[in-house]
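Here the structure is laid out as structure tokens; the discussion comes afterwards.
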Amino acid sequence: MESSESQSSIISAIDCGTVPSLVSSFVDTFIDFSVSGGLFLPPEPEPVKKSNSSLQTVFSQPSRLIAIGDLHGDLPKAKEALRLANLIGPDDRWSGGSATVVQVGDIFDRGGDEIKLLYFFERLKREAAKAGGLVITMNGNHEIMIVDGDFRFATLQGLKEFENWGMWQCVGNAMKKMCDGIDGKMVANVFDGLPDQFPGIKPEILNGARARLAAMRPNGLIATRFLSKNQTVVVVGDSVFAHGGLLQKHVQYGLERVNEEVKDWILGLKDKVENQLIRGRNSIVWLRSFSHELAKECDCSMLEHVLETIPGAKRMIMGHTIQAGGISSICGNQAIRVDVGMSKGCGDKFPEVLEINENSELRVLTSNPLYLKGYEASTPASKKDGFGLLIPEQRSREVEVNA
């Protein structure tokens, strides 16, 4: 039996050595729960930890691949899209097994669930990895804009969400300071270096705008924690993903190099990224050369040349440009456009997702009730370039596509 003196020594060691870090960890978890809409993040599985150190650009063909378009701050629509593909259950937990999901960017702006969406997808990444699946989130033009401090498309609800986040950061720091021995690094002031006032910003949105800038600037807390893990270009099997699209100059620059340079910029390790990559109408996140719904407006010859320079690539999958008629293809199925304007801030359309199986066969799943009421019978197969018969299936439509 241990003496009271040795027990006291053990307690003292615990108090002095581990309590500060335990308190800090508890407070951080408490803040996460408070700003995420009540989510607890599970521990990071090894595959997620590994992906955090170096971004992977090329992935092998999975047995099932799902592409999800722009979400723009709409968490309920994101969940609807995931349920269409049976990737989450009624409890919003991952149920997709070994499936791979690619969300093509634009989680930010036009809606009020931006932070909640980041946490939700982070939890899905960890749950999917544990089950042998994979969730990939990408940078769209709105991710780049917000890191650049361009808040033109932020909503009042979105700014309020960030104001709430900033408030909880201050509360957390105050809680940590109450514990003796807390390291200064554990009590970081997220507003460090920011002015108290901004010219032209209305007083009622000042706190939200200031918190948004603090969180999302290069090396900002949320930018570092979430956006630095996003790819800007990714190749999964025979599909290449880019928010706006790729030109030959982007491929020649190097896809891995693109991802690493954008990541380093978000982390504050690199002052800038070349405009041809992330800014301007011909950049990877702004391009619309292959997204116009009219075939004559799409440069199929250019697209074919781009795909030829990417080993094994058969098609390019993009978001960014809303397709009024739902997910569509052009150029003999070499361009698939998956932004359907599902978020409330971008049309409030019915969610749709693209599914690709291990044989590279494609189909579209939608919740649009028109396809359950005989509408498919009057829709010509040629309406969507390359897409075949529309097959009703309970609450979804399937569009078969030749690989």
* Asked: What distance separates Leu227 CG from Asn139 CG, expressed to the nearest 0.5 Å?
  -> 6.0 Å

* Taking 4.0 angstrom as the limit, do Glu122 and Lys229 come out as a salt bridge? -> yes

* Minimum heavy-atom distance His72-Cys346, with the two atoms named -> CD2-SG, 3.5 Å

* **salt bridge (charged side-chain N to carboxylate O under 4.0 Å, His left out) evaluation trace for Asp238 with Lys314** => CA-CA 5 Å; Asp238 53 13; Lys314 290 183 178 179; 3.8 Å; yes

* Does CZ belonging to Phe198 count more than 12 external heavy atoms closer than 6.0 Å? -> yes

* To do: Examine distances only and state if a side-chain atom of Ser25 and a backbone atom of Ser21 form a donor-acceptor pair shorter than 3.5 Å.
  => no

* To do: For the pair Cys298 and Cys331, evaluate disulfide bond (SG atoms under 2.5 Å apart) and give the outcome as yes or no after the intermediate values.
  => CA-CA 8 Å; Cys298 295; Cys331 303; 5.5 Å; no

* Is Glu143 reaching over with its side chain to a backbone N or O of Ile107, donor-acceptor style, under 3.5 angstrom? -> yes

* **Closest approach of Val285 to Asn141 (non-hydrogen atoms, all atoms of both residues)** => O-CB, 3.4 Å

* Kindly determine whether Glu163 and Lys160 satisfy salt bridge (charged side-chain N to carboxylate O under 4.0 Å, His left out), including the steps that lead there. => CA-CA 5 Å; Glu163 181 180 354; Lys160 195 68 180 176; 3.6 Å; yes

* To do: Taking all non-hydrogen atoms of both residues into account, name the closest pair between Glu352 and Val364 and its distance.
  => OE1-CG1, 3.7 Å

* Between Glu261 and Tyr253, does any side-chain donor sit less than 3.5 Å from a side-chain acceptor? -> yes

* Asked: Counting only heavy atoms not in Asp91, do more than 12 sit closer than 6.0 Å to its CG atom?
  -> yes

* Please assess Arg279 against Asp150 for the test salt bridge (charged side-chain N to carboxylate O under 4.0 Å, His left out), listing each intermediate value before the final yes or no. => CA-CA 12 Å; Arg279 298 180 192 89; Asp150 185 342; over 6 Å; no

Scan the side chains in residues 82-90 for donor-acceptor partners under 3.5 Å anywhere in the protein, sequence neighbours excluded, and list what turns up.
{"unit_1": "Arg83", "atom_1": "NH2", "unit_2": "Asp92", "atom_2": "OD1", "d": "2.4"}

* Do Asp339 and Thr321 come within less than 4.5 Å of each other through their side chains, counting heavy atoms only? -> no

* Would you check if the side chain of Glu260 reaches a backbone N or O of Leu55 as a donor-acceptor pair within less than 3.5 Å? => yes

* **Aromatic centroids of Phe153 and Phe108 separated by under 6.0 Å** => no

* **Residue list, side-chain contact (heavy atoms from CB on, under 4.5 Å) with Ala128, at least two apart or on another chain** => Trp94, Val135

* Asked: If you take all heavy atoms of Pro76 and Asp113, which pair is closest and at what distance?
  -> CD-OD2, 3.5 Å

* Structure fact -> For Ile68 and Val338, the nearest pair of non-hydrogen atoms, with its separation, is C-CG2, 4.3 Å

* Asked: Hey, mind stepping through Asp32 and Ser36 against side-chain hydrogen bond (donor to acceptor under 3.5 Å, both in side chains) and telling me if it holds?
  -> CA-CA 6 Å; Asp32 284 347; Ser36 66; over 6 Å; no

* Asked: Does Arg337 reach the main-chain N or O of Phe290 with its side chain, forming a donor-acceptor pair under 3.5 Å?
  -> yes

